[in-house]
Structures are given as structure tokens and as C-alpha cells.
Amino acid sequence: MATVVLVGTLDTKGEEYAWLRERLREYGSDVLLVDTGVLPPPAHAPVPDVTADVVARAAGHDLARLRTEGDRGAAVAAMAQGLSRVVLDLYRKGKLHAVLAAAGSGGSAIAAQAMRALPIGVPKVLVSTMAGGDVSPYVDSSDLTMMYSVVDISGLNTVSRQVLGNAAAAAAGMARRHERNHDEPAGRGRPVVAATMFGVTTPAVDAARARLAELGYEVLVFHATGAGGRAVEKLARDGVLDGVLDLTTTELADELVGGVLSAGPARLTAAGAMGIPQVVAPGALDMVNFGPAATVPERFTGRRLLVHNATVTLMRTTAGEMAELGTTMGRKLRAARGPAEVFWPLRGISAVDTTGGPFDDPEADRAGLDALRAAVRGGEVRVHELDAHVNDASFAVAMADRLHRLIADGTHGPVH
């Protein structure tokens, strides 16, 4: 029978969790109840299968000390870390087919961190008072499903019973499907490649994807909007990918300059750490992303801007910034434990970086290439300069063919 791991703070929401546990059982699920509350639960609270003390110890903390110190932020961080380890352990032992939580802001932070630690594909449902606003801090690059609670998670009433009941039914159904898929023989399908794309590199990725499909690959395309890049990194670390065609590395520019689409400092590291073959290009490194034109920071007054649409404004990277980006790319790829190669197009790195185009700047592009070459000098990273534009089909196909050759060599499997 599929098992739903029900996680929550029983010190404040025992009534709701007792009710959720009964609904899950009615819907045909086994239930493991995990307590993430710091304070002692009231006498009427349900008895958990995994106590808060066990959760705290999983993170190397003492629950009694967390209570005595009275630092709510530190306690939330400790319980989130411990819960992440608890749910991962249950998943690896085959005792978790879905996770369900219902919470306010603190409980949502604890549950969401643990849910994000699980692999993509493991069902994760979070009913939260925070789901009516910006949910990116909770979801990030995971496949976490959030439901707005409408009313606070504070007692059972006409509204909360409907919302929580729907969440329980969803988690139970997801758990059954996940258990069935997990139990079925999992024959190895086509090898999986991740490709990164932006609107200004779409023609290239479309051509590369078509070529890789011809060669027998399943291609997962990710929009390089920050979350997309983080998703690529997570899938690489989870061992899902056989190769990465990182054609669009624009998130590195946002991280360096302060744009709104940064994927964080770990971007362009996971494939290398796992020994997964990667072929990389400077796609859209000519731009930093901001929101509407009025939101571009004042410190960038006088810079070359392009209104991409009503909600996106692009800023051209300078020669100095491109040099830093080339150095960063080279440093990260040189640390790779598997094959890493760069394809650099000499006729422009995005749809707006063309001769006479709004971001035409050969000097800046050359500064990036020169810095990249200097950063990888003496290492094993190969740099290919092609007399083409990034969106030329010939450039994209050359990248795809090279990645295929690196994967087909068979000597560079993921490092675990």
C-alpha cells in the first residue's frame, strides 16, 4: 500500500493533522506522521510515528536546547534540516510515496525545504497560507505543488475541510501512482540530455534538439530564467541526466551583474561535479535581465538597454563584464570531473547580438572568449571557435554532435 508521509507542527496543528491522517486512510493510504513542532504537543494531539526529537537529532540538534534558547528562526532552520534528512531516509527505504503538509509561514518553510530535497517526480503537496503570494522561495526549481489554504490553518471549519480534504485526496492519488510506477520494471529508455534555452537562442536549441532526437536522445529543454538553471543543476546532481547541452548560460550574467534571473552561484557546477559530459556555449551572455524599464536600477543609467517586452528589459554586458563571465565559465568548467567543452560563435551570441543589431559588440564578445581561453589554459577543457552565429543551425548541430560523441565514448559515466 502506498505511504503518504504527513509532516507538520503538532504543537499547534494537532487537530488538523489528526483529521488529515484519517482522510488519507479513508483514501487508501498508509500514513507516517512526522512531528516538526518545537514545543511540546498538547495532550489531545495525535501521536507521531517520528517525533520532533528524532527530527531535531537528525540535524545534530537537541530539541530541549532549541526550546530553551527560544530562537524561532534557528529552531525552524534546525527542524527543516532534520526533516530533510528524515524524508530522504524514508524515501530511500521505500517508505515514502508522497509527502503532504499544511502550514503557516514557519511550517511551510520547514516542509518546503524537505520536499525540495526529494527527487523530482516524488509527489509533494503543501497547503499553505503563503500560497497566495510569491511562492518562489518555497517551490524554487522543484515540482512541489502548493495549494492556498484560503483560511488560516487554525481549526477545522467549512472551508478548511474542503481545502484540506482535496489536498489529502490529491496526495493519496499521487502516492498510489508513484508506488505503481516505482514497482513496475524500469527498463532504461533513451539517454536524457538537458538543454538550456532563451527566446533569443530558441532557433539554436530547436536545431540541437532535433539533431539529438535523431541520434536517439530524449531532450529536456529548460528556460534559463533562474529556476530553469537551478532545475538543470538539481537533475544533474540527482543522476537523471546523461549529458548537458548548456547552450544558454545567460543566468551567469544576472548572477554577476545583479539581474533578476540569476540561478545562483552554483550554476554550471553540477554536471562537472557528477562527471556528466557537457558542451557549453555563451548563449545570451550579452544580456542582463530586469523587469519593466522603470525597474532597472539607477546605477545602470547610461547603459545600453533594450525593452524586450512590457515586463522584460535587457541590458548589454560590457567588455569588462564579459571578461569576468569568460573567467567564471572557464574556472567552473576546468573543475569538472568529466568532459567539458565550449563552443563559441564568432558572429554573435544571441538573436540581438548581430551585425548592426541592438547588442552588436564584437569587442565585448571577444573579451569574453579571450578570458575563457586564459582561464582554461593548461587544463583539459577544449574551446571550439566557430565562424557562425549562435542561432545558425550549423553551430547548434556541431554542439549536438560533439555532445553525442562525448556520451557515446562511454568512458565518462556519472561520478557517484
Side-chain angles (χ1 to χ4, degrees), residues 196 198 200-201 204 224 226 228-230 232-233 236 244-290 297 299-300 303-304 314-350 352-353 359-386 388-390 395 399 402-403 406:
T196 52
F198 232 26
V200 293
T201 60
R230 291 192 297 274
V232 172
E233 303 295 314
V244 177
L245 189 88
D246 215 341
L247 195 147
T248 309
T249 46
T250 184
E251 293 151 321
L252 297 176
D254 283 59
E255 172 68 13
L256 173 68
V257 182
V260 298
L261 299 183
S262 169
R267 182 70 173 91
L268 201 63
T269 62
M274 298 297 292
I276 298 169
Q278 53 186 325
V279 176
V280 181
L285 275 186
D286 57 321
M287 59 189 63
V288 180
N289 295 268
F290 297 102
R299 67 182 182 276
F300 296 124
R303 292 285 295 268
R304 197 187 324 183
L314 310 176
M315 182 176 76
R316 205 338 170 160
T317 44
T318 65
E321 290 163 351
M322 285 295 295
E324 288 190 64
L325 290 167
T327 299
T328 297
M329 180 182 290
R331 173 177 51 80
K332 290 186 175 187
L333 294 179
R334 187 165 178 172
R337 302 171 68 185
E341 301 190 5
V342 180
F343 278 63
W344 195 287
L346 298 176
R347 295 183 178 271
I349 58 179
S350 83
V352 294
D353 180 21
F359 279 1
D360 182 21
D361 193 340
E363 179 183 347
D365 292 351
R366 171 53 66 173
L369 174 59
D370 290 345
L372 169 71
R373 283 201 169 278
V376 301
R377 188 172 295 127
E380 297 182 2
V381 179
R382 293 182 60 185
V383 180
H384 307 265
E385 297 179 29
L386 273 68
H389 186 270
V390 70
F395 178 80
M399 286 188 69
R402 186 57 187 159
L403 181 61
L406 293 176

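The minimum heavy-atom distance between Gly275 and Pro339, with the atom names listed, is O-CD, 4.3 Å. The two atoms that bring Ala270 and Glu233 nearest to each other are N-OE1, 2.8 Å, heavy atoms only. The two residues Val390 and Pro345 come nearest to each other via the heavy atoms N-CB, 3.6 Å. Closest approach of Ala236 and Ala271 over heavy atoms only: CB-N, 4.0 Å. Residues Ser350 and Ala284 approach most closely at CB-CA, 4.1 Å, considering heavy atoms. Nearest heavy-atom pair across Val352 and Met287 is CG2-CE, 3.7 Å.
Checking each of Asn289, Leu247, Thr249 against Phe198 for a side-chain contact (heavy atoms from CB on, under 4.5 Å) leaves exactly one that passes, namely Asn289.
Among residues two or more places apart in sequence or in another chain, the ring pair (Phe, Tyr, Trp, His ring centres under 6.0 Å) test is passed with Phe343 by His384. Residues satisfying the side chain to side chain donor-acceptor pair (under 3.5 Å) test with Thr248, not counting sequence neighbours, are Thr201. For Arg303, the salt bridge (Lys or Arg N to Asp or Glu O under 4.0 Å) test picks out Glu321, with sequence neighbours left out. Residues satisfying the side chain to side chain donor-acceptor pair (under 3.5 Å) criterion with Asp246, sequence neighbours excluded, are Thr196, Arg267. Remark: Phe395 engages no residue in a ring pair (Phe, Tyr, Trp, His ring centres under 6.0 Å) (not counting sequence neighbours).
Here the CD atom belonging to Glu341 is positioned 11.0 Å from the CD atom belonging to Glu380, to the nearest 0.5 angstrom. A distance of 10.0 Å separates CG of Asp254 from OG1 of Thr317, quoted to the nearest 0.5 Å. A distance of 10.0 Å separates CZ in Arg377 from CG in Leu372, rounded to the nearest 0.5 Å. Once rounded to the nearest 0.5 Å, the distance linking NE2 of His389 with CG of Leu346 reads 11.5 Å. Taking NZ of Lys332 as the reference point, atom CG of Leu268 lies at 6.0 Å (rounded to 0.5 Å). A distance of 10.5 Å separates CG in Asp353 from CG in Leu285, rounded to the nearest 0.5 Å.
Remark: the backbone N or O of Gly264 is not paired with any side-chain donor or acceptor of Arg230 at under 3.5 angstrom.
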task: Evaluate the criterion side chain to side chain contact (heavy atoms under 4.5 Å, CB included) for residue pair Ile349 and Met322; output intermediate values, then yes/no.
output: CA-CA 12 Å; Ile349 58 179; Met322 285 295 295; 3.9 Å; yes
For residues 363-370, please give each side-chain donor-acceptor pair under 3.5 Å, one per line with the distance, not counting sequence neighbours.
from, atom 1, to, atom 2, distance (Å)
Asp365, OD1, Arg316, NH2, 2.9
Arg366, NH1, Asp370, OD1, 3.4

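Proximity of Thr328 to Leu256: side-chain heavy atoms (C-beta onward) are nowhere separated by under 4.5 Å. Considering only heavy atoms from C-beta on, Val288 stays 4.5 Å or farther from Phe300 through its side chain. For the pair Met329 and Leu325, the minimum side-chain heavy-atom distance is 4.5 Å or more. The side-chain heavy atoms of Asp286 and Asp361, taken from C-beta on, include no pair separated by under 4.5 Å.
The neighbour count for Glu385 CD, taken as heavy atoms of other residues, nucleotides or ligands under 6.0 Å away, is above 12.
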